[in-house]
Novice: 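One structure follows; several queries about it will come next.
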Number of protein chains: 2
Amino acid sequence: MRKVLGDSNKMKETTRQKLIDATYEEVYSNGYQGAALADILAKAGVHKGSMYHFFANKKEMALAAIQEKISNRFFERYGKIVALKRGYLDEFFSGLRDISQRDFKRGCPIANIVQEMSNIDEDFNTAMKSIYSQFRSNIKMIFDKAVEVGELAQCDTDKLALFTTVALEGAILSAKASGEPQDFVDSVEILIHYIESYKHG
Amino acid sequence: MRKVLGDSNKMKETTRQKLIDATYEEVYSNGYQGAALADILAKAGVHKGSMYHFFANKKEMALAAIQEKISNRFFERYGKIVALKRGYLDEFFSGLRDISQRDFKRGCPIANIVQEMSNIDEDFNTAMKSIYSQFRSNIKMIFDKAVEVGELAQCDTDKLALFTTVALEGAILSAKASGEPQDFVDSVEILIHYIESYKHG
DNA sequence: GATAAAGTTGACTATTTGGTCAAGTGGTAT
DNA sequence: ATACCACTTGACCAAATAGTCAACTTTATC
């Protein structure tokens, strides 16, 4: 089977994808250092040698998994909002209020890796820097759009985006630490109230 | 040497203390799973068998290290403030603004362990729950005192303390992720500004 | 000084870790 | 049909892992 960019092959990307999926799950659950290769392979149903055909080592595979999975997540979550013509803030807020998709036991996949790896490994540091900055600029884009259509007054959307990501990450961590999803809910309401104070110039 | 509670022995708590110190450092730097017993022992200058005389296993030692070190930290940082007669907020804010003691590379020792271990190990989960709740109640105590002496208007200090811890943890994480201490500084200024909005009823 | 307890030493073990590799399989193009 | 290729298989390896243990030294107590 030839690998061609933009190929219509549905099959045979399966092995690589199974590895990406299993790696992401195991790393999300146990951390990078705690994710055993043997467990990843078992979960993926892929043999070791086969894995080393696709990836140079555990680290490369984990980095690929994190980047691909989180890129998709961003696209699904924020791509949608930015594509709107109005109601940016409403859509953003209702996403924040919907806790049904959130996993408070495991917390934020980005924050987990940042905390664990950023000060240990330069490659992880670089990767997470980039992902975190994407996260922030996604939020900023929403606020910029909101300013554009008058849902927000002119303001420093960069700082507002910074504080929003800060509060969100903190809220997820708090819920993980306390075991109380309500901590997240309460924090988000305060955050939303704060953002709304920028509605009137 | 007999171990007597409240003994005046200065020496010979050294071995245990060396282990606690080294464990805390290694765990703070590498995470619990990434902290190798051999490295801890080397850093402490203590032999393995000696360590197992004081602690049942790596986990017990790590839990002891985290609890003791962080308790001390809380006492030093917040005990001071609560003991004041006035200027609670000023003192609290100036502590937040002083970044000279902060280690943005490694981030928050509490958050690191929460993220890594809370969903993996029940004993860690319990310990970190308790520590995180102490953190929050320390902050709340400051706000309660501030209300008492009129530095803050009557308000829901519990929610305010929640949001403050959330913003602080998020700010530290953000600085770690981006590598920019300025992100922490900016976030803290926004947070302080928010808290100050409660000065006038 | 005898006794006992507290603390120390470092070699040893069993297991798990990530990684290697030579031999195979099966599809595709010529 | 044959030669080539991407892909698979699983046995193997060296290093690192946490934990054990019997013998030893030091200290306190009488």
Side-chain angles (χ1 to χ4, degrees), chain A residues 1-24 26-27 29-66 116-117 120-121 123-124, chain B residues 1-24 26-27 29-66 116-117 120-121 123-124:
Chain A
M1 173 95 28
R2 190 74 55 77
K3 213 174 107 185
V4 178
L5 224 86
D7 202 332
S8 69
N9 291 328
K10 15 186 166 261
M11 288 299 286
K12 277 311 161 204
E13 188 64 357
T14 52
T15 296
R16 197 190 117 94
Q17 196 56 44
K18 274 191 271 183
L19 283 168
I20 291 287
D21 293 346
T23 300
Y24 180 79
E26 284 296 304
V27 170
S29 290
N30 303 103
Y32 172 72
Q33 293 174 313
L37 212 42
D39 294 345
I40 295 174
L41 296 172
K43 171 166 283 188
V46 170
H47 290 270
K48 188 169 276 194
S50 199
M51 174 224 135
Y52 278 96
H53 174 75
F54 288 98
F55 301 100
N57 47 45
K58 181 191 172 188
K59 187 165 116 177
E60 295 306 316
M61 182 165 69
L63 286 170
I66 293 164
E116 183 191 1
M117 299 303 296
I120 291 182
D121 183 282
D123 296 319
F124 272 95
Chain B
M1 170 103 21
R2 189 78 53 77
K3 214 174 109 184
V4 178
L5 225 86
D7 203 331
S8 67
N9 292 327
K10 359 168 185 271
M11 289 299 285
K12 276 312 162 204
E13 187 65 357
T14 53
T15 296
R16 186 184 187 278
Q17 196 56 45
K18 276 191 271 184
L19 284 167
I20 291 286
D21 293 347
T23 301
Y24 180 79
E26 284 296 304
V27 169
S29 291
N30 303 104
Y32 172 71
Q33 292 174 312
L37 212 40
D39 294 345
I40 295 174
L41 295 172
K43 170 165 285 188
V46 170
H47 290 269
K48 189 168 275 193
S50 199
M51 173 224 136
Y52 278 97
H53 174 75
F54 288 99
F55 301 100
N57 48 45
K58 182 191 172 189
K59 187 165 115 178
E60 295 305 317
M61 182 165 70
L63 286 171
I66 293 164
E116 184 191 1
M117 299 302 296
I120 290 181
D121 183 281
D123 295 319
F124 272 96

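Each chain gets a letter, A, B and so on, in the order the sequences are listed, and its residues count up from 1.
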Novice: Quick check for you: to the nearest 0.5 Å, what is the distance between B/L63 atom CG and B/D123 atom CG?
Specialist: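 The distance works out to 6.5 Å.
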Novice: From CD of B/E26 over to P of D/dA16, roughly how many Å is that when rounded to an integer?
Specialist: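 Taking atom P of D/dA16 as the reference, CD of B/E26 is at 15 Å.
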Novice: Quick one: which of B/D21, B/T14, B/T15 gives a side chain to side chain donor-acceptor pair (under 3.5 Å) with B/Q17?
Specialist: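 Going through the options one by one, the only one that passes is B/D21.
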Novice: Can any side-chain N or O of B/S50 pair as donor or acceptor with the backbone N or O of B/V46 at less than 3.5 Å?
Specialist: no
Novice: In whole Å, I'd like the distance from the CD atom of A/E60 to the C1' atom of C/dG19.
Specialist: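 Value for this atom pair: 14 Å.
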Novice: Can you tell me how far C1' of D/dT17 sits from CG of B/N30, to the nearest Å?
Specialist: 15 Å
Novice: Return the minimal non-hydrogen interatomic distance between B/K43 and B/E26, and the atom names on each side.
Specialist: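 Shortest heavy-atom separation between B/K43 and B/E26 comes out as NZ-OE2, 3.2 Å.
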Novice: Tell me, please, whether A/Y32 has A/K58 positioned over its six-membered ring: NZ or CZ under 6.0 Å from the ring centre and within 45 degrees of its axis?
Specialist: yes
Novice: Tell me, which of residues 33-53 of chain B have any heavy atom that sits under 4.0 Å from an atom in DNA chain C?
Specialist: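 Nucleic-acid contacts, sorted: B/H47, B/G49, B/S50, B/H53.
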Novice: Between B/T15 and C/dT8, is there a side-chain N or O to OP1/OP2 distance below 4.0 Å?
Specialist: yes
Novice: Could you measure the distance from the CZ atom of A/R16 to the CE atom of A/M61? Nearest 0.5 Å is fine.
Specialist: 10.5 Å
